[in-house]
Protein chains: 2
Amino acid sequence: MSVAAITTLVPVVRWQPDARGRLERAALELYAERGFDATTVAGIAERAGLTERTFFRHFADKREVLFGGSPVLQERLVAGLAAAPPSAGPLAAVGAALATIPETLPEERRAGAAQRQAVIDATPELRERELAKFAALTAAMAQGLRERGVGEPTASLAAEAGAAVFRVAFGRWIGGDARDLGTLLAASLAELRGVAADG
Amino acid sequence: MSVAAITTLVPVVRWQPDARGRLERAALELYAERGFDATTVAGIAERAGLTERTFFRHFADKREVLFGGSPVLQERLVAGLAAAPPSAGPLAAVGAALATIPETLPEERRAGAAQRQAVIDATPELRERELAKFAALTAAMAQGLRERGVGEPTASLAAEAGAAVFRVAFGRWIGGDARDLGTLLAASLAELRGVAADG
């Protein structure tokens, strides 16, 4: 096959500086301005100064553009579980994994996270997608615990407890609690332990 | 307005012995046989020996027919929270509420519950609906705890912990654990307390 023939088989991917981030920001703006249902992929691409084709190189659909961070978050949580000291109990290992979350969600992302959550909360379709992402995250943590040798049902219970702590701490963070996310995660975990010790 | 005129305004609802239960069983059979996507409301009504109109008097759509028990379950959980002794801590009150679940899901419903879960697990659309129902149940329990005077974030954490216990115990029950659901709920709650005390 000639070089020219091979070239026609390879899609030309033009490099767009931070195309992914521009699409995410454009989508968030439009969902907040017009609502999710009234926003199209074409509109998002236009706002970002990119093409629809570029959009679909990065995201499967207009829901996914809001959940681009999920795989990274999940990967880091699972890595955090694996990196916890072997002596750590299941919930302590989950706590170590949760402590990695602020790397993905640093303080400067708080306002954007709150804006994103408002869009999700306003749209049943997005709430469903969020619940599915959360269930996948919880399942991945349970799997990570089983890989540490934790049996069932302990692995599932510890993973679910961790997911609850994450949800509560994240809600406080985007709700305007002055503490940073790492502090809120640690505080919520301690509170969960207190709740479970109520006799 | 004459009696005749009024009569024309009132839909004639023919009484069908256990129409709701027959529709639920017919739907479950067809989802298991043909899959959810290939099953129509017309098909469910036909299998149940009823009309489509009767189906829509009982259920909003073909997803809802699998979740007909949710409002009763939620109502009983909230009533169980309210009925727990005032001295009970948040998680103990949640435990008292969970102990009412076997009234809704007695032993004779185990096989049907397992069959229903297999259908849900096979269909992303149904898994999403299930997650939404569960999130609503958890929110209702948190609200019930706040009505007992429990503050936040304790109410949310205790409700989430209770939801985790329910999910795990239910999974063991339909997974064939020999113990009854009440025993599994109590055991899973004790295990969650153990997980949270791991230091």
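Per chain, numbering begins at 1; letters A, B, ... match sequence-line order.
Looking only at heavy-atom pairs under 4.5 Å with chain A, the residue among B:Val150, B:Leu157, B:Leu192, B:Thr138 that has the most is B:Leu157. In terms of heavy-atom pairs under 4.5 Å with chain A, the best-connected choice from B:Pro153, B:Ser156, B:Ala161, B:Ala164 is B:Pro153. Between chain B and the residues A:Pro90, A:Gly95, A:Ala159, A:Gly171, the largest count of heavy-atom pairs under 4.5 Å involves A:Pro90. In terms of heavy-atom pairs under 4.5 Å with chain A, the best-connected choice from B:Thr154, B:Val94, B:Val165, B:Leu131 is B:Leu131.
B:Gln115 and B:Glu29 share no side-chain donor-acceptor pair at under 3.5 Å.
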For a quick test of your reading: what N or O donor-acceptor pairs under 3.5 Å do the side chains of residues 175-190 of chain B make, sequence neighbours left out?
| from | atom 1 | to | atom 2 | distance (Å) |
| --- | --- | --- | --- | --- |
| B:Asp177 | OD1 | B:Arg179 | N | 3.0 |
| B:Asp177 | OD1 | B:Arg179 | NE | 3.0 |
| B:Asp177 | OD2 | B:Arg179 | NH2 | 2.9 |
| B:Asp180 | OD1 | B:Gly182 | N | 3.2 |
| B:Asp180 | OD1 | B:Thr183 | N | 2.8 |
| B:Asp180 | OD1 | B:Thr183 | OG1 | 2.8 |
| B:Ser188 | OG | B:Arg172 | NH1 | 2.9 |
| B:Ser188 | OG | B:Leu184 | O | 2.8 |

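Distance alone, capped at 3.5 Å, places no donor-acceptor pair between the B:Arg129 side chain and the A:Glu128 backbone.
In this structure, A:Arg193 and B:Arg193 have side chains that are not in contact, with every pair of non-hydrogen atoms separated by 4.5 Å or more.
In this pair, A:Phe166 and A:Phe170 present their aromatic rings perpendicular. The plane angle is above 60°, beyond the 30 to 60° band.
Heavy atoms of A:Ala135 lying under 4.5 Å from chain B belong exclusively to its side chain.
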